[in-house]
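Lettering of chains follows the sequences in order, A, B, ..., and the numbering in each one begins at 1.
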Amino acid sequence: QKEVEQNSGPLSVPEGAIASLNCTYSDRGSQSFFWYRQYSGKSPELIMFIYSNGDKEDGRFTAQLNKASQYVSLLIRDSQPSDSATYLCAVNRESNTDKLIFGTGTRLQVFP
Amino acid sequence: DVKVTQSSRYLVKRTGEKVFLECVQDMDHENMFWYRQDPGLGLRLIYFSYDVKMKEKGDIPEGYSVSREKKERFSLILESASTNQTSMYLCASSYHLRGMNTEAFFGQGTRLTVV
């Protein structure tokens, strides 16, 4: 089992719809969870981070964390074509380290 | 603005050469990372450093070494470059916050081609 798993996609959604991206992780000791967006040919940039169980909202983005089930998700409301990118889930490997491990990413396509 | 700067955007090296990739950050971050990114494999951690002269192996350290003599600089060394090390290399840094990761800032990447 991979440490951080994501469906590679592509996930295709129409403009204005909700895009739902999911990520599962294997280390129960993980405490920090991040979503990065990466446009083609560019470096990853942070969208959101979440440390506690539950939901965290920031504009059109909502991160959801369920430590018992070991998954973290990202919802993008009112999806725009400019949201088309690869979304990377990242998790710290162990509870006592800052070592950051990434999933392979989910490619999102938002069509007009 | 946090800046993570990688010394080269594109690099072409010959098989067997010793290659140095340099990364500098200007935010006094404790943590620095080297990843490589390949299609379908995502970002894979090569080495991680949490302080000057301190390093930990990541998932794919074979064929690589690192050096962190100063807090702001983290170098990745390919001891003897091989064609399977052709990849995009990304450096990142973050600060330590009492056991919690914080945002990692990435450099612009170095696309290395080994011929």
Task: Check ion pair B:Lys71-B:Asp51 (N to O, under 4.0 angstrom) - done: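 Salt bridge: no.
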TODO: Would you mind checking if B:Asp38 and B:Arg36 are paired as a salt bridge, meaning a charged N to carboxylate O distance below 4.0 Å?
DONE: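 Looking at B:Asp38 together with B:Arg36, the answer is yes, because their closest N to O distance falls below 4.0 Å.
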Residue [X] versus chain B: region with a heavy atom under 4.5 Å:
X       : answer
A:Gln38 : side chain
A:Phe33 : neither
A:Phe49 : neither

With a 4.5 angstrom heavy-atom cut-off, could you sort out which part of [X] is near chain A: side chain, backbone, both or neither?
X       : value
B:Leu45 : side chain
B:Tyr50 : neither
B:Glu30 : neither

Task: Whether B:Phe106 and A:Tyr36 hold their rings parallel, tilted or perpendicular, with breakpoints at 30° and 60° - done: perpendicular
Task: Output field: ring centroids B:Tyr64/B:Tyr47 closer than 6.0 Å - done: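 When the ring centroids of B:Tyr64 and B:Tyr47 are compared, they turn out to be at least 6.0 Å apart.
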Task: Matching residue for A:Arg37 among A:Ile47, A:Leu108, A:Leu88 - test: side-chain contact (heavy atoms from CB on, under 4.5 Å) - done: A:Ile47
TODO: Give the member of B:Met88, B:Arg44, B:Gln37 that has the highest number of heavy-atom pairs under 4.5 Å with chain A.
DONE: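 Max contact count across the listed options: B:Gln37.
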Task: Contact check, side chains of A:Thr106 and A:Gln6, non-hydrogen atoms, under 4.5 Å - done: yes
